[in-house]
Amino acid sequence: MSRAPHPRLPLRLRRPQPWAQQRPTWRDARPAVIADAVKAALARPSGNWFVLGAARDIAAGRAFGRTVAGVEVVAWRDAAGRLVAGPGACPHLGAPLALGPVHCGVLRCRWHGLALDGAPFAGWEPFPAHDDGLLAWVRLDGAGGELPLPRPVLPVRPRPAGTVAAVHTATGVCEPEDVVANRLDPWHGGWFHPYSFADLTVTDSPAGGEPSEGLTVEVSFRVAGRAVVPVTARFTAPGPRTVVMHIVAGEGRGSVVETHATPLGPDDRGRPRTAVVEAVVATSRRPGFALARAAAPALRPLMRAAAARLWRDDMAYAERRWQLRSGGRLPD
């Protein structure tokens with residue numbers, strides 16, 4: 001059976017609807033439904049894997065440092081280009097290894113020149129690390145406390161050869177649970193992000209407060225003025241710190257948005273801090289998408305800017321949720 005042809009243009013025109021005249025979604029976004037979906041996500045295994053950041057941010061010739069779940073981590077590329085990660089404090093006198101130079105895959109401490117090539121040395125032991133081609137991961141068994149897995153649990157992605165991908169990182173005062181809760185509440189999209197979404201409808205909200213294996217959403221992405229692109233998206237949570245949106249119908253079918261929440265550690269006031277690492281992987285079956293792929297270096301900053309605008313709002317949501325939850329004031 002042949003596939004239906006694509007319309008010549010993916011855009012549709014709609015009459016602008018005043019923000020206050022949207023259909024209210026608060027009855028659909030039941031606190032118990034969201035809480036059960038979050039609880040189900042938190043119960044799924046991660047194998048103790050945490051996202052460090054974008055794989056391209058850990059480039060040859062320099063070190064990358066991040067505190068993950070209170071553990072200081074340094075990462076770099078060895079002589080073969082493989083990702084290496086380990087404790088961020090030098091085993092000699094505790095110097096910050098992330099500030100050391102990398103030459104021919106060897107990281108040298110700036111204080112006294114101790115050299116690390118990624119193998120155990122002088123009391124320094126590497127952490128398991130994984131580069132999936134888009135994101136860099138580290139496994140911290142002491143922090144995760146789960147049964148370790150040899151690789152992180154990865155969502156299905158389109159083939160890299162046919163995609164344009166970008167990664168944005170934001171940081172806020174909250175815990176990963178609050179980020180997951182934000183992403184498992186798609187009902188807020190048209191109200192909280194009217195500049196990006198219109199005509200949003202959740203089509204398979206779970207009944208009776210039972211946790212769902214996912215949420216399907218029909219939504220139109222705003223382009224400019226009256227122009228929108230309608231799609232059907234599916235939200236799932238494959239792990240306790242990850243929510244994934246797959247475009248399952250419409251323009252860009254197969255595209256993915258992965259939202260990963262990485263706990264960092266407390267700030268100077270003792271409040272938890274979380275990094276949101278969001279990967280957008282766009283694809284299209286249209287022949288013209290090859291031009292978009294050729295323009296990927298110019299498109300990536302635009303994709304990151306769009307994600308940053310959304311996360312300015314969504315981080316405020318997550319931070320507010322943590323404030324309420326930590327004070328015992330979160331509605332249920």
Side-chain angles (χ1 to χ4, degrees), residues 46-69 71-88 97-98 100-107 116-118 126-140 144 149-171 176 179 238-239 241-246 254-264 274-283 293 296-308 311:
S46 71
N48 303 327
W49 288 96
F50 298 83
V51 172
L52 272 175
R56 66 171 53 240
D57 287 346
I58 308 176
R62 65 175 186 266
F64 176 95
R66 172 156 283 163
T67 298
V68 177
V71 179
E72 188 179 5
V73 177
V74 65
W76 73 95
R77 301 285 178 180
D78 68 11
R82 292 183 295 262
L83 179 67
V84 177
L97 291 173
V102 177
H103 181 66
C104 296
V106 176
L107 171 63
L116 298 170
D117 62 3
F127 298 137
H130 180 74
D131 181 344
D132 66 23
L134 182 61
L135 300 173
W137 302 71
V138 63
R139 198 182 81 194
L140 302 174
L149 294 176
R151 292 287 185 273
V153 179
L154 298 177
V156 175
R157 295 174 183 159
R159 291 183 303 104
T163 65
V164 177
V167 180
H168 171 70
T169 300
T171 302
V179 173
R241 294 178 292 275
T242 298
V243 178
V244 182
M245 183 191 77
H246 284 93
S255 300
V256 180
V257 178
E258 301 177 16
T259 304
H260 302 274
T262 298
L264 301 178
T274 294
V276 175
V277 183
E278 186 158 276
V280 179
V281 186
T283 189
R293 292 194 62 248
L299 287 177
R300 288 192 188 101
L302 298 177
M303 294 166 70
R304 287 194 291 267
W311 272 106

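Computed from heavy atoms alone, side chains included, the values below leave out hydrogens, waters and symmetry copies. Count residues from 1 along the sequence.
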Item to complete: Go through the steps for L83 and F64 under the test side-chain contact (heavy atoms from CB on, under 4.5 Å), then give the verdict.
Response: CA-CA 11 Å; L83 179 67; F64 176 95; over 6 Å; no
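- With respect to the salt-bridge test (charged N to carboxylate O, under 4.0 angstrom), the residues D132 and R157 qualify.
- Atom CE of M245 sits about 8.5 Å away from atom CD of E278, to the nearest 0.5 Å.
- Atom-to-atom distance recorded for W49:CH2 and L149:CG is 9.0 Å, nearest 0.5 angstrom.
- Counting only distance, with no hydrogens or angles, the side chain of R77 and the backbone of G105 share no donor-acceptor pair below 3.5 Å.
- Atoms NE2 and CG, on H260 and L52 in that order, are 12.0 Å from each other to the nearest 0.5 Å.
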Worksheet item: Going through the distances and angles, do V281 and L134 end up as a side-chain contact (heavy atoms from CB on, under 4.5 Å)?
Response: CA-CA 9 Å; V281 186; L134 182 61; 3.6 Å; yes
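- Distance alone, capped at 3.5 Å, places no donor-acceptor pair between the H168 side chain and the A306 backbone.
- Checked by atom type and distance alone, the side chain of S46 pairs as donor or acceptor with a backbone atom of N48 at under 3.5 Å.
- By the 4.5 Å heavy-atom criterion applied to side chains, P152 and F50 are not counted as neighbours.
- The pair E72-R66 does not meet the salt-bridge criterion, since no charged nitrogen lies less than 4.0 angstrom from a carboxylate oxygen.
- Screening T259, L135, T242 for a side-chain contact (heavy atoms from CB on, under 4.5 Å) with V277, the sole residue that qualifies is L135.
- Judged by distance alone, the side chains of T262 and R241 never bring a donor and an acceptor atom under 3.5 Å apart.
- Distance alone, capped at 3.5 Å, places no donor-acceptor pair between the T171 side chain and the A275 backbone.
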Worksheet item: Can you check side-chain contact (heavy atoms from CB on, under 4.5 Å) on F127 and V84, steps first, answer last?
Response: CA-CA 8 Å; F127 298 137; V84 177; over 6 Å; no
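- Annotation: the span from D117 atom CG to W76 atom CH2 amounts to 7.5 Å, rounded to 0.5 Å.
- Put simply, the side chain of R62 never gets that close to the backbone of V102: no donor and acceptor are under 3.5 Å apart.
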Worksheet entry | Residue pair L140, V68: steps toward the side-chain contact (heavy atoms from CB on, under 4.5 Å) verdict | CA-CA 9 Å; L140 302 174; V68 177; 3.7 Å; yes
